[in-house]
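To start, the structure itself, in structure tokens.
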Amino acid sequence: MEYVKNVVCPFCGTLCDDIICKVENNEIVGTINACRIAHNKFVHTKGATRYTKPLIRKNGELIEVTYDEAIEKAAEILAEAKRPLLYGWSSTECEAHAVGMELAEETGAVIDNTASVCHGPSVLALQDVGYPTCTLGEVKNRADVIVYWGCNPMHAHPRHISRHVFSRGFFRERGRPDRTVIVVDPRETDTAKLADIHLQVEFDRDYELIDAMRAYLLGHEILYEEVAGIPRETIEEAVEIMKNAQFGILFWGMGLTQSRGKHRNIDTAIMLTEDLNDFGKFNLIPMRGHYNVTGFNQVASWESGFPYCVDFSAGEPRYNPGETGANDLLQNREADALMVIASDPGAHFPQKAVEYMTEIPVIAVEPHRTPTTELADIIIPPAIVGLEAEGTAYRMEGVPIRMRKVVETDLLPDKEIVEKILEKVREIKASK
Ligand code: SF4
């Protein structure tokens, strides 16, 4: 058995880079250091369907075809579409994203990643009011106050807490005892159980709570005995801890981006963080979900000036989330073809969008059987980045890390598949 060290986990935005894979006969058979989610990504689950050949649906049946046939058909669909949508991208590497941007430009498509159903509201907010951030290394070495707001890393980013709260840092030699942890969540989550203070905010009322905190911080009285279900004294106690932090960090997640107020919740959380810097040092980091959702936003920003929801239909890039997001185009019945790569909207989009997906041609660049592949007309299986293909990924706070290839496969990497589709689209267009 071979032990491959310093492997980077291709699952969540924590992007752990200390995984050891146990490899036997070109197969990953075990892991060390990986959390349970990661282990299941590395080690093939028995009974799970892994596509090894491209498939095209004919009369309702999926028929095996060659890569060339599947790519040609996909290119025809995209070249003929008037309003194609290229969606997904967060579970593949940045070099594939860059080719995706070219494909979007070539086909006049809208290109969007999972940010539009995830931390897109955070992007809107930081474009409005700024982004006082830092790296996770600074959190580990300096943070004495850690706030998890509307996120549950014990379940969604399982090693986040061990790597940044329990870990001993340069200025935090005792690790957890040197830090105060505040969790804001309506539920008593497993993360909340580890907190020193749990602010059990009423659902959908985070905006009011943050406003009360800001008011108190800026020297005003909190007008009510309780705000969002939290007694005034408890709010004041939490603000005093944050105000006196030597180095504080606010991590936030779906509890803020997906609840009432959406990007306005983040606006006010960012402004609270900015206000806290009048007293000490405070930063924030979004708990980005997929391992490379951040990478797509980086690449799209360099290439087009916009991070997601980029519309090339007018020739130049245009950006207006609410109009040019994947769900906007599907729920308004605007898109007439959909290419999904490294994502599963069939499982994770609202019913109205999924219903519309059944009415338009769907191309899925996807290694596993998923609700999206159940709807797809063409399935093109790629090598999995981080296991069978390498490439660049960006951690939740924007640190780039190179994904490693651990085992060999005959399947094409995402980048090559998108390149071949782009090449074919150009051929089809040139022939007209
Ligand atoms: S915490 Fe996230 S990045 Fe780290 S091993 Fe688990 S799934 Fe992978």
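The analysis underlying the following values was restricted to heavy atoms, covering all of them including side chains, and did not include hydrogens, waters or symmetry mates. Both counts, for ligands and for their atoms, begin at 1 and track the order of listing.
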Are N113 and N297 close enough that a side-chain donor and a side-chain acceptor fall under 3.5 Å?
-> yes
Measure centre to centre between the rings of H157 and F251, then say whether the value is under 6.0 Å.
->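 They do not qualify: ring centres at least 6.0 Å apart.
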N, O or S atoms of the protein lying under 2.8 Å from atom 8 (Fe) of ligand 1 = C9 SG
Plane angle bin for W89 and F296 - parallel if under 30°, tilted between 30 and 60°, otherwise perpendicular =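 Parallel: the ring planes of F296 and W89 meet at under 30°.
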[X] bridged to [Y] by N-O distance under 4.0 Å:
X: E397; Y: R288; result: no
X: E408; Y: K405; result: yes
X: D275; Y: K243; result: no

